[in-house]
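Numbered from 1 within each chain, the chains take letters A, B, ... in sequence-line order.
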Amino acid sequence: MAHWLFKSEPNVFSFEKLTAEKTTDWSGVRNHSAKLNMMAMKLGERGFFYHSNEGKAVVGIVEISALYRLDRSDESGKFGMVDIKAVEPLPRPVTLEAVKAEPRLAKMALVANSRLSVQPVTDEEWAIVCEMGGLVQRGAKRAKAPA
DNA sequence: GCCAACGTTGGC
DNA sequence: GCCAACGTTGGC
């Protein structure tokens, strides 16, 4: 399963708002790389929700709840959207600063291609950010507690 | 509020 | 089809 990252300015559309509304269509994307990423998304795949400008942190987990389809707000007819739904907030938001400070995340699109609004996240990056955020993934190997 | 980075547009 | 100009994003 692939993983993703959605960026949003919290004063425009925050994770809290998504949680309250349960689900939303991710319309308004007008970038071809972001479009290609959305076209590759499958139902049930998960992504991070990142707050840009204010907060600058990964704050929650979302799930793809509807596949790519045309965005009717786009007059050119070229761009589309998926639906996402809120899954859960991160116990501890992972700030951009923390991501930049983690060498294993140096290639993450959030750092390397900061302007892309819908990004792919590798499995390794996903696991690292989840761990930093205080989420233990199902099936993930856990370090043994000290005796 | 500034400005660097990047994508898009449009003239040629 | 190239590339300069312009607009937008987003970190600082």
Can you name the atoms? Protein N/O to nucleotides 8-12 of chain C N/O, anything below 3.5 Å, with the distance.
from: C/dT8; atom 1: O2; to: A/R115; atom 2: NH2; distance (Å): 2.8
from: C/dT9; atom 1: O4'; to: A/R115; atom 2: NH2; distance (Å): 3.4
from: C/dT9; atom 1: O2; to: A/R115; atom 2: NE; distance (Å): 3.4
from: C/dG10; atom 1: OP1; to: A/K7; atom 2: NZ; distance (Å): 2.8
from: C/dG10; atom 1: OP1; to: A/R115; atom 2: O; distance (Å): 3.4
from: C/dG11; atom 1: OP1; to: A/Y50; atom 2: OH; distance (Å): 3.1
from: C/dG11; atom 1: OP2; to: A/N53; atom 2: N; distance (Å): 3.0
from: C/dC12; atom 1: OP1; to: A/K100; atom 2: NZ; distance (Å): 2.5

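Rounding to whole angstrom units, CD of residue A/Q119 and P of B/dC6 are separated by 13 Å.
Below 30°, between 30° and 60°, or above 60°: for A/F49 and A/F13 the angle between ring planes is between 30° and 60°, a tilted geometry. Between A/H32 and A/F79, the angle of the ring planes lies from 30° to 60°, which puts this pair in the tilted group.
Every residue meeting the salt bridge (charged side-chain N to carboxylate O under 4.0 Å, His left out) condition with A/E102, not counting sequence neighbours, appears here in chain and number order: A/R104.
Under the 4.0 Å criterion applied to side-chain N and carboxylate O atoms, A/D25 and A/R69 are not assigned as salt-bridge partners.
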task: Could you go through the side chain to side chain contact (heavy atoms under 4.5 Å, CB included) check for A/E63 and A/I84 one step at a time?
output: CA-CA 5 Å; A/E63 186 173 307; A/I84 58 173; over 6 Å; no
